[in-house]
*Asks:* 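I am attaching a structure below and will ask some questions about it afterwards.
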Amino acid sequence: MIVRHLADAEKTSRKIVSPDGNWDSTRLLLKEDNMGFSFHITTIYEGADFQMHYQNHLESVFCMSGEGEVESMIDGKKYPITPGTVYILDKHDKHTLRAFKEMKMACVFNPPLNGKEVHNSDGAYELDAETIA
Ligand code: 9YT
């Protein structure tokens with residue numbers, strides 16, 4: 001069994017602050033844990049408005065607090081995000097995320113992140129990224 005606490009993990013290199021100023025994320029479970037997925041608690045800062053495209057990963061995101069929206073860049077549909085909303089990028093969907101109030105999200109990635117990833121210029125994470133861009 002693995003047991004960790006968010007408050008402890010936030011004091012370690014598990015916490016990544018995005019260079020673009022849109023989010024930070026504490027990666028509680030990583031590739032090295034051999035679970036087949038990674039699990040992160042991510043804060044999207046109020047006013048954030050940015051595009052992502054996880055070409056190498058599938059992702060599910062559950063909103064625990066805050067308010068925002070996610071827009072599919074495939075069909076332009078916008079979906080409100082409130083506590084309890086889950087959005088699931090089952091088709092590597094290119095999307096824009098907006099936070100009207102700071103949002104706390106629980107995120108799962110398959111394949112798992114190794115822990116150092118930040119978005120590349122396409123809004124993707126490289127597989128087995130080893131350095132912070
Ligand atoms: C909502 C969201 O941005 N999910 C991505 C996970 C987070 N940015 C991370 O841990 O890299």
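Heavy-atom basis, side chains included; hydrogens, waters and symmetry copies ignored. Counting starts at 1 for both ligands and their atoms, in listed order.
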*Asks:* I'd like to know if D33 and R4 make a salt bridge, using a cut-off of under 4.0 Å between side-chain N and carboxylate O.
*Replies:*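 Counted as a salt bridge, because a side-chain N and a carboxylate O are separated by less than 4.0 Å.
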*Asks:* With a cut-off of 4.0 Å, which atoms of ligand 1 are near a heavy atom of F109?
*Replies:* 5 (C), 6 (C)
*Asks:* List, by chain and then residue number, the residues other than Y45 in its hydrophobic cluster (Ile/Leu/Val/Met/Phe/Trp/Tyr, side-chain heavy atoms under 4.5 Å); write none if there are no others.
*Replies:*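 Same cluster as Y45: V17.
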*Asks:* Consider ligand 1: state whether an atom of it lies below 4.0 angstrom from any non-hydrogen atom of Y54.
*Replies:* yes
*Asks:* Does this structure show an ion pair linking R98 with E71, if we count only N-O contacts that are shorter than 4.0 Å?
*Replies:*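 Counted as a salt bridge, because a side-chain N and a carboxylate O are separated by less than 4.0 Å.
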*Asks:* Please work out which of Y125, F62, F39 has its closest non-hydrogen atom nearest to atom 8 (N) of ligand 1.
*Replies:* Y125
*Asks:* Just need the protein heavy atom nearest to atom 7 (C) of ligand 1, so name the residue and atom and give the distance.
*Replies:* T42 OG1, 3.3 Å
*Asks:* Check the pair L30, N114 against side chain to side chain contact (heavy atoms under 4.5 Å, CB included), reporting the backbone distance first and the verdict last.
*Replies:* CA-CA 6 Å; L30 287 165; N114 64 47; 5.8 Å; no
*Asks:* Identify whether the distance between the nearest side-chain nitrogen and carboxylate oxygen of E69 and K101 falls below 4.0 Å.
*Replies:* no
*Asks:* Of R14, M52, K104, H57, which has the heavy atom at the shortest distance from atom 3 (O) of ligand 1?
*Replies:* M52
*Asks:* Do you know which two heavy atoms are closest between S65 and P83, and how far apart they sit?
*Replies:*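 Reported closest heavy-atom pair: CA-CG, 3.8 Å.
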*Asks:* Number the atoms of ligand 1 from 1 as they appear, then name those within less than 4.0 Å of a heavy atom of S25, with their elements.
*Replies:*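 Ligand 1 atoms under the 4.0 Å threshold to S25: 7 (C), 9 (C), 10 (O).
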*Asks:* May I ask you to check if ligand 1 and W23 share an N or O to N or O distance below 3.5 Å?
*Replies:* no
*Asks:* Heavy-atom contacts with H40 under 4.0 Å: which atoms of ligand 1 show up? List them by number with element.
*Replies:*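 By the 4.0 Å cutoff, the relevant atoms are 6 (C), 9 (C), 10 (O).
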*Asks:* Could you tell me whether ligand 1 has any atom less than 4.0 Å away from a heavy atom of E59?
*Replies:*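 For ligand 1, residue contact (heavy atoms, under 4.0 Å) with E59 is present.
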*Asks:* Less than 3.5 Å between some nitrogen or oxygen of Y87 and one of ligand 1, yes or no?
*Replies:* no
*Asks:* Check Y125 against H57 and note the closest heavy-atom contact, atom names and distance.
*Replies:* O-CE1, 3.5 Å
